[in-house]
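Sequence positions, counted from 1, serve as the residue numbers for this chain.
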Amino acid sequence: DDKARSILTRLFGDLALDPKATTALLSGLARASGYAVAVKTLGWLRSSGYECNSFHVTSAMRACWKRGQWQAALWLLADMDGATVLPSVFTFVEAVSACRKGRKWHLALQFLADMRRADMQYNVVICSSAIT
């Protein structure tokens with residue numbers, strides 16, 4: 001972990017100051033290297049004190065479930081609470097997609113209920129993810 005953190009700091013230190021660039025980095029890492037690298041990079045952002053928002057977490061969640069790691073995606077969502085990052089509608093879309101991948105329909109319905117309690121509006125994407 002220390003070695004990975006040192007490499008990330010050296011390579012991406014200045015880039016991490018730009019939240020949009022960091023989101024693009026996480027997405028690119030996920031596509032090129034898999035979910036583990038995206039999750040490690042997200043952890044590095046948090047531990048290094050850089051801004052970490054729902055778009056960063058959502059990118060890492062997408063990387064996880066697309067690689068079959070739906071449990072890791074849901075763990076990232078649960079971890080948002082401890083990191084004081086509020087989930088967005090897009091975060092819940094990825095959570096429902098992860099549930100679909102894991103065939104955990106009851107969890108998908110729970111996330112829809114969580115959205116309703118948070119006064120978030122459903123969109124076509126999340127509804128279609130929940131029913132397919």
Exercise for the section: Keeping to residues at least two apart or across chains, list the salt bridge (Lys or Arg N to Asp or Glu O under 4.0 Å) pairs with something in residues 116-132. Expected result: D114-R117
Practice task
Among Ile, Leu, Val, Met, Phe, Trp and Tyr joined by side-chain contacts under 4.5 Å, find the other residues sharing a cluster with F55 and list them by chain and number.
Solution key: F90
Problem - From CD1 (I126) to CE (M120), nearest 0.5 Å - result: 9.0 Å
Practice task
Step by step, work out the side-chain contact (heavy atoms from CB on, under 4.5 Å) result for N53 and H56.
Solution key: CA-CA 5 Å; N53 62 39; H56 298 128; 3.4 Å; yes
Handout entry: Nearest atoms (heavy-atom pairs only) where V89 meets Q121
Key = CG2-O, 3.9 Å
Problem - Test log, rule side-chain contact (heavy atoms from CB on, under 4.5 Å), inputs L86 and S54 - result: CA-CA 6 Å; L86 295 175; S54 67; over 6 Å; no
Exercise for the section: Report the distance from atom OH of Y122 to atom CZ of F92, rounding to the nearest 0.5 Å. Expected result: 10.0 Å
Practice task
For the pair V39 and L42, evaluate side-chain contact (heavy atoms from CB on, under 4.5 Å) and give the outcome as yes or no after the intermediate values.
Solution key: CA-CA 5 Å; V39 171; L42 183 63; 5.6 Å; no
Exercise for the section: To the nearest 0.5 Å, tell me how far H106 NE2 sits from F111 CZ. Expected result: 9.5 Å
Residues 94-105, side-chain donor-acceptor partners within the protein, below 3.5 Å, at least two apart:
unit_1 : atom_1 : unit_2 : atom_2 : d
E94    : OE1    : W65    : NE1    : 2.5
E94    : OE2    : R62    : NE     : 3.1
E94    : OE2    : R62    : NH2    : 3.3
S97    : OG     : V93    : O      : 2.9

Completion exercise
Quick note, salt bridge (Lys or Arg N to Asp or Glu O under 4.0 Å) partners involving residues 122-131, not counting sequence neighbours, are none
Exercise for the section: Under the side-chain hydrogen bond (donor to acceptor under 3.5 Å, both in side chains) rule, collect the residues that match up with Q71, sequence neighbours excluded. Expected result: none
Fill in the blank from the handout: Across all chains, not counting sequence neighbours, the side-chain hydrogen bond (donor to acceptor under 3.5 Å, both in side chains) partners of T58 are T91
Exercise for the section: Decide yes or no for L77 and P87: does some side-chain heavy atom of the first lie under 4.5 Å from some side-chain heavy atom of the second? Expected result: yes
Handout entry: Y35 (side chain) donor-acceptor with Q69 (main chain) under 3.5 angstrom
Key = no
